[in-house]
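Computed from heavy atoms alone, side chains included, the values below leave out hydrogens, waters and symmetry copies.
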Amino acid sequence: MSPSASCSEDVDLIGLIFEAVGQIPEGKVSTYGDIAKAMGDVRAAKAVAQVLWDVDCQEVPRHRVVSADGTLGSCVAISVSEVTRRLMEEGVFIHNGRIASLEATRFADFHIPSVLRQLQAEQEALRLSVVDSDDFPRPACVSGLDASYTKDWGCVALVRMDLESLEVVEARSAVGRVRFPYITGYLAYRELPLIRKVFSDRDGDILLIDGHGILHPRGFGVASQVGVCLDVATIGAAKSHLVGAIEGDGPKAKVMVDGELKGIRLSPKGGKGIFVSVGHRISLTTACALCERLMIGRIPEPLRLAHVLATRRRKELEIEP
DNA sequence: GCGACAG
DNA sequence: ATCTTGTCGC
């Protein structure tokens, strides 16, 4: 039995984004990328924009954040004309819906922690704990996990299926606020809090995760992070390609990273297939065998059912929050 | 035109 | 992931 490691599970990136926006002085503007860089990864720029304009927020001057080409943002709560009016009022000039001279009015001296850089380092360290060999008694059940979201709310569903009969033996879900937006490479920090809420420890259980395992830029995708942090066997099963070179186009194409086999693209009936990789405490061979056994359609059945359940529960919640 | 690309 | 109608195909 491997010891369970701990990782940062309650990072409030949404709060940090609002905190950064609050630091932009009147008469100045910043770009989504400026805030993303201050948080430690410019690749979070799109997430910054999404949070600012999609999440109901407090009294932050979000009209002072624009895209890299000077284009203004807006949402149902604040129209483009209202954003324009506020900026003009603060002495920022707008021409044709853009900031007239972005460089002259730009602010980027944020004083916030470089959280994403820290999380990257955490992933690099935790990846060393991944066990890529079978480490469980003969599995009886596999539980599929999937999430569904609206704004800063989410629902994660778990569907447990008997490997022998392929019957659903359990289905649960958990809902809650989500304070970490979707950013490629950091999916676990978004999903882990709700996954922990829905998960219950059971012997012989294997978790099937909707996302990559070690087939990830830092070798530590959501499936591996869930496995290491909950100390449970996990399989990564992603619907699309993230990293690695796909060799050939057969039903079991190898996916190589730095000349090493890190995943398999499983496509029994052709098509896009799914990308299977080791999450934790399992071998790639066993992970593939289990996925093949559970694939009725393109998506392994526990994952498909978890997706249906999570979406249904989330929509119920939307009507009555 | 070039880079990025999980959910 | 989510927003969404009808439509093409097995």
> In terms of the angle between their ring planes, are Y186(A) and Y189(A) parallel, tilted or perpendicular, with boundaries placed at 30° and 60°?
Replying inline: tilted
Filtered N/O pairs between nucleotides 6-10 of chain C and protein, under 3.5 Å:
none

> Does NZ or CZ of R190(A) come closer than 6.0 Å to the centre of the six-membered ring of Y149(A), within 45° of the ring's axis?
Replying inline: yes
>> Please convert DNA chain B into dot-bracket. A pair counts if it is Watson-Crick or G-U wobble with both distances under 3.5 Å; crossing pairs go in [ ] and bases paired with another strand get |.
In response: .......
> In whole angstrom, what separates D54(A)'s CG from dC3(C)'s P?
Replying inline: 11 Å
> Is the backbone N or O of G279(A) less than 3.5 Å from a side-chain atom of S224(A), with the two atoms forming a donor-acceptor pair by type?
Replying inline: yes
Atom pairs, protein N/O to nucleotides 2-7 of chain B N/O, distance under 3.5 Å:
| from | atom 1 | to | atom 2 | distance (Å) |
| --- | --- | --- | --- | --- |
| dC5(B) | OP1 | R43(A) | NE | 2.9 |
| dC5(B) | OP1 | R43(A) | NH2 | 2.2 |
| dC5(B) | OP2 | R43(A) | NH2 | 2.4 |
| dA6(B) | OP2 | Y182(A) | OH | 3.1 |
| dA6(B) | OP2 | T184(A) | OG1 | 3.2 |
| dA6(B) | O3' | S240(A) | OG | 3.1 |
| dA6(B) | N7 | G185(A) | N | 2.9 |
| dA6(B) | N6 | G185(A) | O | 3.4 |
| dA6(B) | N6 | L187(A) | N | 3.3 |
| dA6(B) | N6 | H216(A) | NE2 | 3.3 |
| dA6(B) | N1 | V222(A) | N | 3.0 |
| dA6(B) | N3 | H212(A) | N | 3.1 |
| dG7(B) | OP1 | K239(A) | N | 2.8 |
| dG7(B) | OP2 | S240(A) | OG | 2.9 |
| dG7(B) | O3' | D210(A) | OD2 | 3.0 |

> Should W153(A) and I195(A) be regarded as members of a common hydrophobic cluster, given that ILVMFWY residues are connected when their side-chain heavy atoms come within less than 4.5 Å of each other, either directly or indirectly?
Replying inline: no
>> Is there a continuous path of hydrophobic side-chain contacts, each under 4.5 Å between heavy atoms, that joins L230(A) to V228(A)?
In response: no
> Where the side chain of S101(A) meets the backbone of A104(A), is there a donor-acceptor pair that is under 3.5 Å apart?
Replying inline: no
> S30(A) side chain to D34(A) main-chain N or O, any donor-acceptor pair under 3.5 Å?
Replying inline: no
> Do the charged groups of D54(A) and K151(A) touch, with an N to O distance under 4.0 Å?
Replying inline: no
> Regarding R172(A) and the six-membered ring of F199(A), is the cationic atom NZ or CZ under 6.0 Å from the ring centre and inside 45° of its axis?
Replying inline: no
> Just one of Q23(A), K28(A), E26(A) clears the side-chain contact (heavy atoms from CB on, under 4.5 Å) bar with R64(A), so which one?
Replying inline: E26(A)
